[in-house]
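The structure appears below as structure tokens.
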Amino acid sequence: MIDRLEKEVDMLERHLQVLRMVIENEPIGIVKMSNETGYPHHKVRYSLRVLEEENLIEPSSQGAITTERTQEFVDELDGKIDEIVGKMEAMKIDAAAEAE
């Protein structure tokens with residue numbers, strides 16, 4: 001049950017790392033991202049596809065670039081992560097048992 005969550009978090013971490021690279025180095029291609037992150041090309045390509053579907057990046061002839069939506073997403077990201085962490089903290093069984 002928790003293994004699936006760990007895999008999702010790892011994948012989200014990769015997507016956000018790829019997004020960060022696009023923001024900092026745009027335009028940037030798959031080969032450069034793969035070389036700098038150590039992720040295989042197919043994983044970088046998948047992350048780029050997910051980010052493109054979310055309208056956070058778009059392809060250009062020189063490589064991936066950000067969109068108008070990117071900054072809004074980045075501005076909201078920390079708050080959303082904090083909310084999720086709060087929910088995860090509340091799920092801890094030990095913490096709930098100690099509070100009683």
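Any value given below was found using the heavy atoms of this structure, including those in side chains, with hydrogens, waters and symmetry copies removed.
Under a hydrophobic-cluster definition in which Ile, Leu, Val, Met, Phe, Trp and Tyr are linked whenever side-chain heavy atoms come within less than 4.5 Å, directly or via other members, Leu16 and Val18 are assigned to the same cluster. Under the 4.5 Å side-chain contact rule for hydrophobic residues, Leu12 and Met33 share a cluster. Cluster membership check: Leu5 does not share its hydrophobic cluster with Ile81, using side-chain heavy-atom separations under 4.5 Å among Ile, Leu, Val, Met, Phe, Trp and Tyr. Residues Met88 and Leu77 are members of separate hydrophobic clusters, defined by side-chain heavy-atom contacts under 4.5 angstrom among Ile, Leu, Val, Met, Phe, Trp and Tyr. Under the 4.5 Å side-chain contact rule for hydrophobic residues, Ile93 and Val85 do not share a cluster.
Within the model, atoms NE2 of His15 and NZ of Lys43 stand 10.5 Å from one another, a figure rounded to the nearest 0.5 Å. Here CD of Glu6 is found 6.5 Å from CD1 of Ile2. Values are rounded to the nearest 0.5 Å. Expressed to the nearest 0.5 Å, how far OG1 of Thr70 lies from CG of Asp75 amounts to 10.5 Å. Note that the CE atom of Met11 and the CD atom of Glu8 stand 4.0 Å from one another [nearest 0.5 Å]. We find the CD-CG distance between Glu83 and Asp78 to be 11.5 Å, quoted to the nearest 0.5 Å. Summarising the geometry, atom CE belonging to Met21 is positioned 7.0 Å from atom NZ belonging to Lys32; distances are rounded to the nearest 0.5 Å.
For the residue pair Glu58 / Thr67, no side-chain donor-acceptor distance below 3.5 Å is found, with atom types taken as modelled.
The side-chain heavy atoms of Tyr39 and Arg14, taken from C-beta on, include a pair separated by under 4.5 Å. Val50 has its side chain out of reach of Leu56: every pair of non-hydrogen atoms, C-beta onward, lies at least 4.5 Å apart.
No side-chain donor-acceptor contact under 3.5 Å links Ser60 to the backbone of Ile65. At distances below 3.5 Å, not a single donor-acceptor pair connects side-chain atoms of Thr66 with backbone N or O atoms of Ile23.
Contact between Ala64 and Val22 at its shortest, heavy atoms only, is O-CG1, 3.7 Å.
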*Trace of the side-chain contact (heavy atoms from CB on, under 4.5 Å) decision for Phe73 with Asn55*: CA-CA 10 Å; Phe73 174 82; Asn55 208 17; over 6 Å; no

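With a 6.0 Å radius and a threshold of 12 heavy atoms from other residues, nucleotides or ligands, Glu76 has its CD atom above the threshold.
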